[in-house]
K.L.:
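Right, I'll just put the structure down here and ask away after.
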Amino acid sequence: MCGIYGFIGNGKVEDLINGLKKLEYRGYDSAGIAFSRNGSLIVEKKTGKVDTLCSAINDTLEEKINAGIAHTRWATHGMPNDINAHPQMDCEKKIAVVHNGIIENFAALREKLISEGHKFISQTDTEVIAHLIEKYFKGDLLEAVRLATLDLDGTYAIGVIHADVKDEIIFARRKSPLVITKNEYGSYCASDVTPLISLSRDVVFLEDSQIARLKKGAFEIFDLSGKQVEKRFCHIDWDEKSAEKGGYKHFMLKEIHEEPRVISDALMGRVKGEKIFLKEMEDWKDHIKNLRKINIIACGTSYHAGLIFKYFFESLRPFDVEVEVSSEFRYRNVLIDDRMLNVAISQSGETADTLESIRLVKSLGGRVLALSNVVGSTLTREADKTLYINAGPEISVASTKAYIGQMTVLYLLALYIDSVMGKEHPEKVKALSRLPELVDQFILTQEKTIKDVADRYVGYSNFMYIGRGMNYPSVLEGALKLKEISYTNAVGYQAGELKHGPIALLDEKFPVMAVAVDDDLKGKMLSNILETKARNAHVVAVTSASDHDVSSIVNDVIRVPDVENYLYPFFVGISFQLFAYNVANNRNLNIDMPRNLAKSVTVE
Ligand code: F6R
């Protein structure tokens, strides 16, 4: 996600740039800084790399400054360009704000501020924060930031500097991280410890709904009522490389741990009570009422997310949903008309086959809805509409958190389409809202068990993943994950297909990963598991927490919570991600950059 860095004390402009360079690994599309000079704020920002910004301000790098804030932006609201880059400012250009996160009610706040006379120049949600602080500022910057944060719904980590307030800078957070430290030269704040550990190894992690006032060499922390709270220092002994990964050994593991947050960010602003709001889709309501078919086009992991959509949507109503791998779709003689919705799913938004597929759809007069993680990517520019998954940059080549984010948005889309077609699903909407917490608990409690299971199976060279119904796509994804990062042969099948061929492979050297959760097809899965056991295969079952019958006949068990049937794919997906990760880690492989693979497949 975006990166924030700021300091107050003895420093130079170049220190802001160096802080940003240490946050580059987080992924970003533009960068900017703000500092004060003779009572005014100087703001410099550029689309592209920190080096581009650095070249543009080459002459000022050595300038001595006493405070500054800096930002690397990963676009969520508004295209990546110089205007939307942070810092964002107020009308008088006295206040500069950098922000990570998503302000859910920014449109309403913006409208209100405009009616009060404020002038906006960017498309960002962040700009409302600068104007709110301007509105509340009466000489006390901390108080103005506190009042502004009370108006914000959503998530934020913010850094604020004021031209007239020379001896302090303010930071505040809700859900997006900030870390603070100090030394004899100054006080410093950043999105993570990476830019801080060369300054001091004793840091304070700001907690949710806290505000920090940094002065030279000292800082205080307040809660949202304005009461000062105690600081709790932690000693960090990570080196810089492990600090980038938040202490995790690999980005893949870090990204799996981000999944609860990814789900809540994907839901943010789109679920209110028992209803789904997809404002991007509002003007397609008539089209949706008239739909006769949904076409999903995607590759790899995104294709598997698409398959889950098909099963979920069909569970809501009988409907024609086709899911096709882009590299096949683009060469087919497809029938496209205006009663179809074509959904192209691509984390990167740059996958060549998916782009060619949507060009084909558009050339035949079809409508394209993109689902992507990258604002401004080619797919989002060429599609008619885009739903962003807002997962933040995914650095590990193997997709994990983006897959979970795609599923979340696809569930929202399915429920939205069905409600436009006339059926509401209040229980399902509420269940989705509970998902981040359930997933968090699941990872916390089951990670070690899954690692232990993976440790026992690390010696095998072949795996067969089987599942049925909604969990069939999960076995395809589980097998793909194991293949790509551990270079182990893994195949995924509909369990009912076993006896039509694949069962011939099975013996004691060919373990089976079976999904047998407590759903309508559990009895069928039990029979399939018995068939594999009869061939001496070792079986690892992913089953529900309260299960007895599956767990009593298999060799190893991964338990997922007892949830509504349609939520199992989230937990099964994460189980298989952790299983693959631990097999690959056991073999000491280059997990984040598997051989022969690229993050963005921009060639056919
Ligand atoms: C697997 C993986 C790939 C991608 C596929 C499509 O972990 O990451 O299978 O899912 O290359 O990429 P996007 O979604 O960027 O189009």
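Atoms within a ligand are numbered from 1 in the order they appear, just like the ligands themselves. Residue numbers count from 1 along this sequence. Quick note: numbers below take in every heavy atom, side chains included, and nothing from hydrogens, waters or symmetry partners. Source: prediction; values computed, not measured.
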K.L.:
Is the distance between the ring centroids of Phe579 and Phe463 under 6.0 Å?
P.N.:
yes

K.L.:
Mark up the atoms of ligand 1 that fall under 4.0 Å of a heavy atom belonging to Ala398, in ascending order.
P.N.:
7 (O)

K.L.:
Give me the residue, atom name and distance of the protein heavy atom closest to atom 5 (C) of ligand 1.
P.N.:
Cys299 O, 3.7 Å

K.L.:
Which residue in the set His257, Glu258, Gln577 passes side-chain hydrogen bond (donor to acceptor under 3.5 Å, both in side chains) when paired with Lys401?
P.N.:
Glu258

K.L.:
Could you check whether Tyr303 and Tyr403 have their ring centres less than 6.0 Å apart?
P.N.:
no

K.L.:
Quick one: look up the protein heavy atom nearest atom 15 (O) of ligand 1 and list residue, atom name and how far away it is.
P.N.:
Ser348 OG, 2.6 Å

K.L.:
Is the charged tip of Lys481 near the ring of Phe576: under 6.0 Å from the six-membered ring centre and within 45° of its axis?
P.N.:
no

K.L.:
Starting from atom 7 (O) of ligand 1, what is the nearest protein heavy atom, named by residue and atom, and what distance separates them?
P.N.:
Glu484 OE2, 2.5 Å

K.L.:
Mind checking whether Val397 contacts ligand 1 via backbone (N, CA, C, O), side chain (CB onward), both or neither, at a 4.0 Å heavy-atom cut-off?
P.N.:
backbone

K.L.:
Please list the nearest protein heavy atom to atom 11 (O) of ligand 1 with its residue and the distance rounded to 0.1 Å.
P.N.:
Val601 CG2, 3.9 Å

K.L.:
Ignoring hydrogens and angles, tell me if any N or O in the side chain of Arg292 forms a donor-acceptor pair with the backbone of Arg339 under 3.5 Å.
P.N.:
no

K.L.:
Which heavy atom of the protein is the closest neighbour of atom 14 (O) of ligand 1, given with residue, atom name and distance?
P.N.:
Ser302 OG, 2.6 Å

K.L.:
Looking at Arg434 and Glu564, does any basic side-chain N land under 4.0 Å from a carboxylate oxygen?
P.N.:
yes

K.L.:
Counting only heavy atoms closer than 4.0 Å, does ligand 1 sit against the backbone of Lys481, its side chain, both, or neither?
P.N.:
side chain

K.L.:
Between Thr351, Thr301, Thr400, which one has a non-hydrogen atom sitting closest to atom 12 (O) of ligand 1?
P.N.:
Thr351

K.L.:
Regarding Glu356 and Arg359, does a basic nitrogen lie under 4.0 Å from an acidic carboxylate oxygen?
P.N.:
yes

